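In what follows, chains are A, B, ... by sequence order, proteins preceding strands, each numbered from 1. Being a predicted model, the structure only gives us computed values, none of them experimental.
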Amino acid sequence: MMFKLAALLTRPATKYVFILLALLFPLFAANEYQVYVMSLAFVWAIAVYGLNIITGYCGQLNLAHGGFFAIGAYTLGLLTSDYGWSFWPAFVAALLMTAVLGFITGVISLRLKEHYFAIFTLCVGFIIYMLLDKWEELTHGAIGVRDIAAPYGFGVVDFTDSVPFYYLVLAFLIFSIWFISRLSKSLLGRTFIAIRNGDELAQSLGINLMRNKVLAFVLSTTYAGLAGALYAGMVRFIGPEDANILHTFNLITYLLVGGIGTLFGPLVGTLSIVWLTQSLQFLETYKMILFGPLLVLLVIFFPNGLVGSLLLWMRRKAESMGVAKAPKASRVETSNSATGKEAENNA
Amino acid sequence: MNLFFQQIINGMTLGSIYGLVALGLTLVYGILHIPNFAHGALYMVGAFMTYFLMVDIGAHYWVAMAGSAIIVAIVAVLSERLVFHPLRNSPPIHDKIAAIGILLFLEALVQMIWGADFRRISSPYTGILNFDGLIIPEQRLLIIVGAFVLVAALQLFLRKTMTGATIIAMAQNRDGAFLVGIDANRVAMMTFAISGILAAFAATLYAPINLVYPAMGHVVIMKAFVIIILGGMGSIPGAIVGGMIIGFAEAFGGFYISTSYKDIIAFGLLVVILSIRPQGLFTKGAH
Amino acid sequence: MLKVENLTKMFGGLAAVNDVSVHFEANKINAIIGPNGAGKSTFFNLIAGMHKPTSGRIILDGEDITPLRCDYIAQRGIGRTFQTTNLFETATVLDNLIVGHRLRTQSGLWDVLINSKRLQAEEKECRVKAREALDFVGLSHVENRLIADITQEERKRVAFALALATQPKLLLLDEPAAGVNPEETVGLADLMHKMVANGLTVCLIEHKMDMIMGMADKIMVLDHGEKIAEGTPQEIRENPVVIEAYLGSDEDAAA
Amino acid sequence: MKTLRKLGSAIAVATVSMGMTAGALAEEVNIGFTGPLSGGAALYGENVLSGIKMAAEEVNAAGGIDIDGTNYTVNLIALDDGYSPAQAATNAKRLKKESGVSAVFVPHSGGIFALQDFNEKDDFLIMAYTSVPSVTQKGNELTLRIPPTFDGYVTAFTDYAMKHDGKKLGMGGATHEYAKIWAGMMKKQWTAEGGEVVADNPMDYNKSADFYTGVSRIISEAPDVMFVGGASEPTGLVVQQARQLGFQGSFIVMDQAKLDEVAEVAGGLEMMEGAIGVVPLSVYETKPAQDFIKRYKAKYSKMPGSEAAYNYLAMHALIEAMDKQNTTEAKALRAGVPEALKSMDDSKNPYEVKEVDAGGGFITETTLAVVEDGKIVQKPIE
Amino acid sequence: MLQLKNVDVCYGSFKALNEISMTVNSGELVVLLGANGAGKSSLFNTLSGLNKPTAGDIEFEGKRLNGLRPSAIVDAGIVQCAEGRKLFPQMSVQQNLMLGAYVHRRDKQGNRRRYKEILEMFPILEEKAEQPAGSLSGGQQQMVAIGRAMMSRPRLLMLDEPSLGLAPLIVRQMFQTIQQINSLGTTVLLAEQNAFAALKIASRAYVMENGRLVMEGDREAMLGNEKVREAYIGA
């Protein structure tokens with residue numbers, strides 16, 4: 001029964017059902033607040049998809065991701081509020097800015113490996129945060145950026161309303177997922193995965209490591225920038241705290257809970273955690289007392305994330321039921337075994 | 001000129017604290033390959049335990065410090081047993097996320113018990129030494145001396161005792177350690193306990209000239225990570241030297257360049273150094 | 001086809017490979033043997049460009065490839081396998097192989113975005129090459145199985161296929177038969193013969209002597225980073241220097 | 001025990017509020033709060049919340065309020081936003097849409113700005129606890145600013161310090177948003193009155209591990225007066241370290257810090273000799289203030305800060321307005337609060353705020369206190 | 001003393017050890033011959049508890065060893081001096097040796113006595129006692145490795161290719177030492193590629209090929225056997 005349900009979930013046609021559900025969501029949402037939270041969750045999900053490119057597919061744990069999100073948000077915010085740009089040109093500029101800065105950071109940082117890369121990017125993230133906080137002439141420092149333009153709908157729709165904005169974010173989200181699904185199946189995506197499987201192996205296959213890693217990095221920061229720009233257009237007030245390193249940790253948590261390196265993991269992870277924290281709000285200060293251990297348990301007992309574990313369970317089940325062919329969906333899914341630490345001897 | 005020496009004292013104070021925190025972090029990394037993001041929370045718990053023992057129980061400063069060290073050591077060992085041990089075969093990213101879970105939990109727990117208020121610990125050493133205009137509050141001197149004593153004690157423990165030697169052995173050659181019959185679990189617990197004790201000592205030494213509050217570990221832990229990368233992950237002297245470099249960079253950078261940007265100095269330094277030497281300052285060969 | 005001239009690699013003060021010169025002929029199976037720590041893997045890494053030699057030259061079909069980065073060397077036609085190959089466990093065998101032909105394709109990000117004709121053609125081509133390679137190593141029947149579900153020996157063959165998909169002229173195999181049961185070793189040896197029959201040059205490191213002696217056209221023996229012998233299996237088997245390196249001399253035992 | 005009780009009440013509030021959405025308890029009126037209850041600013045959020053909570057409980061203990069003949073009890077729903085504007089906006093949406101609140105208390109300007117984006121459209125009143133003047137200068141019609149803006153203090157403090165202490169000012173304030181705006185005005189005023197700013201070295205009061213470097217940098221320029229101030233406790237550390245490093249001059253203390261609390265950390269009032277700041281609640285000798293302090297101490301067993309007191313009186317005024325206007329409609333409440341401030345019992349109004357300006361700011365008499373001979377003394381504004 | 005019955009070890013689908021049955025009697029010096037990759041190290045690591053057998057029984061002095069942790073096996077009296085020595089390179093020679101006595105750490109006096117005995121066996125190490133083990137020459141390092149293993153007072157000492165990478169003269173000394181250790185009462189199981197030298201001091205030998213034991217016999221029988229040669233250099 002469970003298996004049939006799960007099999008149904010992984011069928012290609014199911015995605016159209018989900019798109020339909022997402023389209024109809026504002027109709028059966030209890031109120032605008034739920035639409036608002038859903039939009040915010042979608043924005044985060046886009047950022048998580050970016051993280052999935054560099055960390056999930058390419059195997060490099062980037063801890064500056066939240067910083068690039070903030071750069072996207074700030075670029076849009078500052079251009080519209082201080083320099084009088086209108087939303088869409090500033091939006092494009094935000095994408096370009098994160099791509100360019102991502103390129104520079106990538107070229108320097110991707111020479112490092114494993115923990116060194118992670119901690120290096122952690123520092124980059126912190127520097128971004130500090131610069132946003134301290135470089136007052138440019139960023140207004142702690143005061144933050146106000147009066148950010150909302151996206152305009154060319155006279156057709158008003159994106160300052162929650163529901164139209166929801167559809168705008170949904171459109172970007174669907175585009176993001178579509179692009180990643182195409183990417184992950186393409187030669188380029190396979191190249192990234194080959195790098196994750198091992199630098200040496202990838203090189204022996206004639207893959208230019210640096211070029212591909214930098215490309216994956218730039219793609220991921222651009223996704224972060226896209227999410228950040230949407231975020232700025234949605235909340236319309238941003239401050240240096242938006243670059244806080246905790247946001248990066250949140251993004252990683254979403255990714256891990258959903259299933260790292262899977263196509264739908266980022267979405268599932270983001271939605272479940274966002275709604276979980278919203279429902280734990282009643283605990284006020286104490287919500288982390290529950291959330292912290294929950295996170296630990298998830299990591300220990302669902303190391304492949306929700307989506308990853310489901311797919312694995314499906315495969316095992318399929319085998320035990322004598323279904324020779326593994327479910328087709330798993331073709332584009334990845335496990336994280338390759339990013340695993342060197343087989344450690346633990347007596 | 002005095003202001004210059006003043007910054008030296010200040011750099012040493014900061015460097016001592018950073019070094020102690022980084023030392024625990026680097027031990028855990030060097031031996032167990034866990035980048036323990038929850039280490040800052042251990043530091044924070046250490047400060048609160050001292051506060052609890054001094055204010056609520058009425059213990060003397062030194063007694064409270066010892067008590068705090070024991071409690072934090074237990075917390076650290078528990079986190080190893082309950083969280084990191086089950087995750088020992090998982091990809092490294094899982095360790096990091098689990099550590100963040102521990103961090104969130106400990107912070108919320110402390111806040112639930114003591115609230116978010118800024119708290120103060122008063123040490124018995126409130127005097128100020130004045131050497132011809134060079135001002136050294138006793139507590140700062142205590143920090144510097146205390147850090148020196150702790151590092152020396154740790155070195156003695158690691159070099160001169162069998163238990164200490166097993167820890168170093170595990171770091172230098174895991175298989176070799178197994179072959180002589182060293183128990184991996186024991187070493188793992190011991191390492192976590194030591195890292196907890198060092199964090200508690202650092203927190204208790206530093207708290208009297210600072211404030212105690214649930215979020216106090218954030219900045220310290222970030223810098224500790226910078227330090228262990230600078231000094232080479234797993235290197236004990238690297239942690240001390242790295243701590244001093246960051247302490248001095250902050251003291252002098254903050255004084256002669258800009259206080260606002262002094263926190264960037266540490267991180268900027270790391271970015272520059274790693275850009276030139278990807279393997280850190282004190283490690284030989286690439287990682 | 002591959003000429004190695006006075007190749008030396010120092011690590012610290014130690015010569016891992018010391019002044020080795022050798023010539024591997026095309027369409028032959030060349031083997032490198034030697035005791036543990038003799039510098040065999042380092043030698044491979046030098047040829048593949050993973051390490052840069054301290055001195056000496058490597059010439060492939062008349063071109064000096066010594067200064068090239070390893071991905072360019074792969075493009076020049078040197079493919080290799082590793083002792084252990086990290087593959088994408090939860091993807092199918094075929095999916096793992098498609099990337100093998102990546103180095104002969106051009107499409108980039110823009111092609112992905114617009115799903116260009118070139119990308120489609122190249123993906124098709126990669127798929128064809130992957131299938132060909134899979135067919136060559138005799139694994140067509142496991143095309144759709146997940147890597148996690150195939151045997152150790154099949155993994156070895158997949159690793160071969162991956163290297164073959166790069167369309168190499170020279171294939172470096174690092175202990176291809178390690179971790180493979182004796183019965184299966186024979187199959188792998190056959191496969192190598194088949195490679196040579198199809199115009200490839202094979203160069204392998206191997207410890208399984210019966211396998212080497214039975215199949216190699218030429219053997220080079222390394223000991224302490226130096227070439228101590230070179231020749232046909234028969235010559236090697238009777239070479240006293242080799243015997244001493246392997247069995248120890250009677251003189252040693254006399255004590 | 002205290003904490004268990006806190007957790008218990010949190011869960012109780014939660015269950016009640018969830019019940020509320022189900023419509024089970026129709027005789028409650030909901031009022032919202034979004035502020036930092038976790039993270040670095042959690043203490044501040046808790047303090048603000050404590051005043052609001054106290055007012056709500058007092059009203060309920062006295063039998064609630066009547067709106068259109070029906071008796072209601074007040075239900076406070078508090079959500080954590082961790083100081084994040086985005087989360088504040090999410091919370092406000094939730095409070096409005098799920099619990100139908102007509103007013104939301106927000107104690108940080110980032111959150112206030114984020115909410116002002118949609119509060120008129122969504123029809124709820126922002127009870128803004130911030131001294132940033134611009135929140136009531138942008139024409140938002142559903143915003144009430146609870147504390148006084150600080151421009152009055154800036155002038156008064158500058159006047160006093162110039163006259164008594166000297167012309168050279170060293171700036172050593174905090175770096176958070178509020179402190180930045182304060183410092184900006186302070187600098188402007190000081191130079192406008194002919195003074196000289198010899199050092200400008202703001203420090204991160206909430207995160208910094210050490211102020212020694214920053215303070216010594218200011219002192220090296222030998223100022224007569226030092227501008228300090230963020231949260232009270234770190235301010236105390238800054239003062240202490242300045243004295244340890246030999247600073248002899250006086251301090252101008254930003255209004256976020258309370259002289260009495262600062263002194264506790266700095267090592268006694270004698271460390272603060274000459275410091276100029278707002279009159280701390282503890283020094284108010286009026287009966288409403290003293291009574292409030294007594295009640296607050298009985299309830300929370302600590303000294304209330306001004307954020308508790310201001311929010312306490314604002315909550316009372318809001319509830320009073322509901323009672324008087326017989327409605328929970330936001331516009332009516334915005335109009336009704338000024339009336340309520342005038343008419344409500346003085347015991348609910350520790351600061352005796354009586355008026356609201358056109359933009360929606362509570363008008364409070366600017367006060368000034370100075371530490372003289374180890375005592376906090378209130379001084380008339382010159 | 002040591003008995004293996006049908007021991008299998010699998011890595012995934014690969015059988016590294018296949019039905020190994022062997023016996024080592026008290027006081028013997030048994031040599032294990034075989035080419036690289038034949039499974040000698042796998043066997044040793046299984047005996048040391050670093051690998052878990054997938055089938056079969058390992059018994060030592062009547063005690064079942066299957067599934068015991070490495071530390072428990074050292075405690076039981078089996079120690080391995082592994083290929084590549086596995087020293088603690090930055091620790092001094094003395095520390096390396098003393099760590100060998102880890103399982104007897106409470107018996108400080110006994111350890112000191114043992115330490116003296118080891119230094120008598122390897123006088124050169126006394127001079128080098130304070131030097132980091134990593135700075136020693138290969139032969140000296142091998143002495144430290146053997147000394148470290150002997151510090152745990154084993155009844156069965158397993159040596160995995162002790163002559164690897166050593167100069168011939170040193171190798172000769174090494175075998176003398178091994179013989180000496182054996183004659184003083186420690187049972188020795190020796191894996192060697194230096195077949196002639198090893199057989200000279202052995203009482204018995206096993207030949208391994210592809211994870212199986214293919215031959216067994218005493219010294220004389222083995223020395224002249226063509227099969228031994230084949231096992232190394234191939235048919």
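Rounding to the nearest 0.5 Å gives a distance of 10.5 Å between CZ of Phe120(A) and CD1 of Ile229(B). Here Ile265(B) contributes atom CD1 and Ile127(A) contributes atom CD1; the two are 11.0 Å apart, rounded to the nearest 0.5 Å. Here the CD-CD1 distance, from Gln111(B) to Ile289(A), works out to 8.5 Å after rounding to the nearest 0.5 Å. For the atom pair CD1 (Ile119(A)) and CG (Leu274(B)), the distance works out to 10.0 Å, reported to the nearest 0.5 Å. Rounding to the nearest 0.5 Å gives a distance of 9.0 Å between CD1 of Ile100(B) and CD1 of Ile245(A). Note that CG of Asn304(A) and OG of Ser90(B) are 9.5 Å apart. Values are rounded to the nearest 0.5 Å.
Heavy-atom distances place both the backbone and the side chain of Leu131(A) under 4.5 Å from chain B. For a residue to count as touching a neighbouring chain, one of its non-hydrogen atoms must lie under 4.5 Å from one of that chain's; by this rule Leu255(A) does not touch chain B. Residue contact with chain B, scored on non-hydrogen atoms closer than 4.5 Å, involves the backbone and the side chain of Ile300(A) alike. Contacts of Leu61(A) with chain B are made by side-chain atoms alone, with heavy-atom separations under 4.5 Å and no backbone atom involved. Only the backbone of Leu82(B) comes within less than 4.5 Å of a heavy atom of chain A; no side-chain atom from C-beta onward does.
Under the 6.0 Å cut-off for aromatic ring centres, Phe105(B) and Phe291(A) do not qualify, their centroids lying 6.0 Å or more apart.
Remark: Phe248(B) CZ is packed, more than 12 non-hydrogen atoms of other residues, nucleotides or ligands lying under 6.0 Å away. For Phe302(A), the CZ atom is loosely surrounded, since the number of other residues' heavy atoms within 6.0 Å does not exceed 12. The local environment of CE in Met97(A) is sparse, with at most 12 non-hydrogen atoms from other residues, nucleotides or ligands closer than 6.0 Å. Sparse packing is recorded around CZ of Arg211(A), with 12 or fewer heavy atoms of other residues, nucleotides or ligands lying under 6.0 Å away.
The shortest non-hydrogen separation linking Val296(A) to Ile102(B) is CG2-N, 4.2 Å. Scanning both residues, Leu270(B) and Cys123(A), for their nearest heavy atoms gives CD2-SG, 3.1 Å. Gly232(B) and Tyr116(A) get closest at one heavy-atom pair: CA-OH, 4.2 Å. Closest non-hydrogen pair, Leu122(A) versus Phe37(B), comes out as CD2-CE2, 4.3 Å.
In this pair, Phe126(A) and Phe267(B) present their aromatic rings tilted. The plane angle is within the 30 to 60° band.
Of the possible donor and acceptor atoms, one in the side chain of His94(B) sits under 3.5 Å from a partner among the backbone N and O of Pro303(A).
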